[in-house]
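What follows is a short report on a single structure.
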Amino acid sequence: MTLNNENTRKLTGAIELLLESSSRINEAKPRRYWYPLSLATYGVEEIVEALDSLCSFRTTMWEKTLQFERQFAAYQGCSDSVMVNSGSSADLLLCFLLTNPYHPLLQTGDEILIPVVTWPTQIWSAMMAGLKVKFVDVDPKTLNIDIDDLEKKITPATKAIFLVHLMGNPCDMDRIMAIAKAHNLLIIEDCCEALGAEWDGVRVGNFGVAASYSFFFSHHMTTMEGGMIACSNPEVAEQLKILRAHGWVRNVDPTLYNLHNYDIDPRYAFVNWGFNVRPTDVQASFGLHQLQKLPHFNQRRVELANKFFAFIDTEPVLYRPQVSPKASPSWFALPILVATEAPFSRKEIVNYLELQGVETRPIVAGNIAKHPVANIFSAFLEDTYSGANIIHEQGFYIGLSPFHTDQDIDKLIKCLKSFLRRY
Ligand SMILES: Cc1ncc(COP(=O)(O)O)c(C=O)c1O
């Protein structure tokens, strides 16, 4: 921070006033939801830090991004991390890392297995990077990849698995790693909904080549928009930094690329193709403070989710994801499935909750093969995905924020009880 203590104190006072008056204005407005999907988790510290970047004219990727990347790698327990402008960009770079023309780990056209229930940019990233996506069904009991179907889908052309730990519930990494080893498959992980979750004491995101994270507003921590890639080694980080910024040897060691053999200005030297998916230091300013708060945020998420799930477990017509004894979830939201034998439909319970002021969403895209986009790509037609269909037809989620209270969860439970009493 370039601001001194006195200026920080003055700014803090001004921001507190602004936050107070904006919350008064918001409270006066009629609100559709008393239980919204997400609540703001940032405050004075993040705003002062961001203003410091703005006022020192260091808004683009600069020291704070580097500092945040180092601190994130230390939290995650990985070799390096590379910040980008969204979780979708992190997925994109992960896949382009695999088919990277400079140092390909896979060939264009190689098969990659992806669960059919996920946030769609995970799928688009693999397709755009030239990989052949083969969908694997999802187990409605865990919301994660159906490992029996995963084994069935492996062919000699299969070279990688792109996992997702949906809703923060870790996949069974013992079985998946054994399968990957037996078939010599690369693993990459989408942890955009699972920051802080662990399998057998190991943070998810540390099982493969690299892993993606999202810092969108409603996620475990926020940089407004933003994302991160956790890398298993420094070479991966180096390649990702080039892909992140134009294929340019900026922020990497230029001596590795024999630039002296070329009649070019080394300040504008390009060694690969690439995107521009760089973050800003304003986003990193948020990240530095949010990361400090993350352990507390995640603890509250787990406490609130456990309270809610303890109620769901008493209701025979509702169920929630099963958790392996080896898993420590880091809940992203409160997912619920309506049992097949329930005397009401998912639509009925969702409509009731919405009318009562509880915001809901489907379990991400449900079965993505049922969306209009499936008409464009033949990969969707190769199976019918019975597990994903259950999630599609019977599943929904309610939001979860560390700033929701125990009283909010009590009220939510009361609301669900009064719906269930009708049947
Ligand atoms: C599993 C998963 N992957 C990727 C993303 C994309 O992240 P972003 O919204 O930051 O682009 C999301 C977003 O919610 C997600 O849930």
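Being a predicted model, the structure only gives us computed values, none of them experimental. The first residue of the sequence shown is numbered 1, and numbering continues consecutively from there. For ligands, and for the atoms within them, numbers begin at 1 and follow the listed sequence.
The atoms of ligand 1 that sit less than 4.0 Å from any heavy atom of Glu193 are 1 (C), 15 (C), 16 (O). Interface of Gly87 with ligand 1, defined as ligand atoms under 4.0 Å from a residue heavy atom, comprises 6 (C), 7 (O), 8 (P), 10 (O), 11 (O). Each of the atoms 1 (C) of ligand 1 lies under 4.0 Å from some heavy atom of Val164.
If you check each of Tyr213, Phe216, Trp119, Phe217 against atom 12 (C) of ligand 1, the one with the closest non-hydrogen atom is Trp119.
Atom 3 (N) of ligand 1 has its closest protein heavy atom at Asp190 OD2, 2.7 Å.
Within the structure, ligand 1 has His219 among the residues with a heavy atom less than 4.0 angstrom away. Distances from ligand 1 to the non-hydrogen atoms of Gln122 include no value under 4.0 Å.
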| request: Go through the steps for Asn100 and Asn272 under the test side chain to side chain donor-acceptor pair (under 3.5 Å), then give the verdict. | output: CA-CA 8 Å; Asn100 180 3; Asn272 198 354; 2.6 Å; yes
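Any N or O atom pair closer than 3.5 Å counts here, and Thr118 shares no such pair with ligand 1. The shortest N/O to N/O separation between Glu225 and ligand 1 does not fall below 3.5 Å.
Contact annotation: for Leu166 versus ligand 1, there are no heavy atoms closer than 4.0 Å. Residue contacts with ligand 1, taken as heavy atom pairs separated by less than 4.0 Å, involve Ser88 via backbone and side-chain atoms alike. Only the side chain of Asp91 comes within 4.0 Å of ligand 1, judged by heavy-atom distances.
Below 30°, between 30° and 60°, or above 60°: for Phe419 and Phe344 the angle between ring planes is above 60°, a perpendicular geometry.
A salt bridge between Asp52 and Arg58 is absent, with no side-chain N of the basic residue lying under 4.0 Å from a carboxylate O of the acidic one. Ionic pairing of Glu315 and Lys417 is not present here: no N-O contact between side-chain nitrogen and carboxylate oxygen is shorter than 4.0 angstrom.
Pairs passing the salt bridge (Lys or Arg N to Asp or Glu O under 4.0 Å) check and including a residue from residues 167-177, sequence neighbours excluded, read Asp148-Arg175, Glu151-Arg175, Asp174-Lys326. Identified under the ring-ring contact (aromatic ring centres under 6.0 Å, His included) test for residues 53-84, with sequence neighbours left out: Phe68-Phe215, Phe72-Tyr213, Phe72-Phe215.
With contacts defined as side-chain heavy-atom distances shorter than 4.5 Å, the pair Ile398/Ile336 qualifies.
Aromatic pair Phe332/His219: centroids less than 6.0 angstrom apart.
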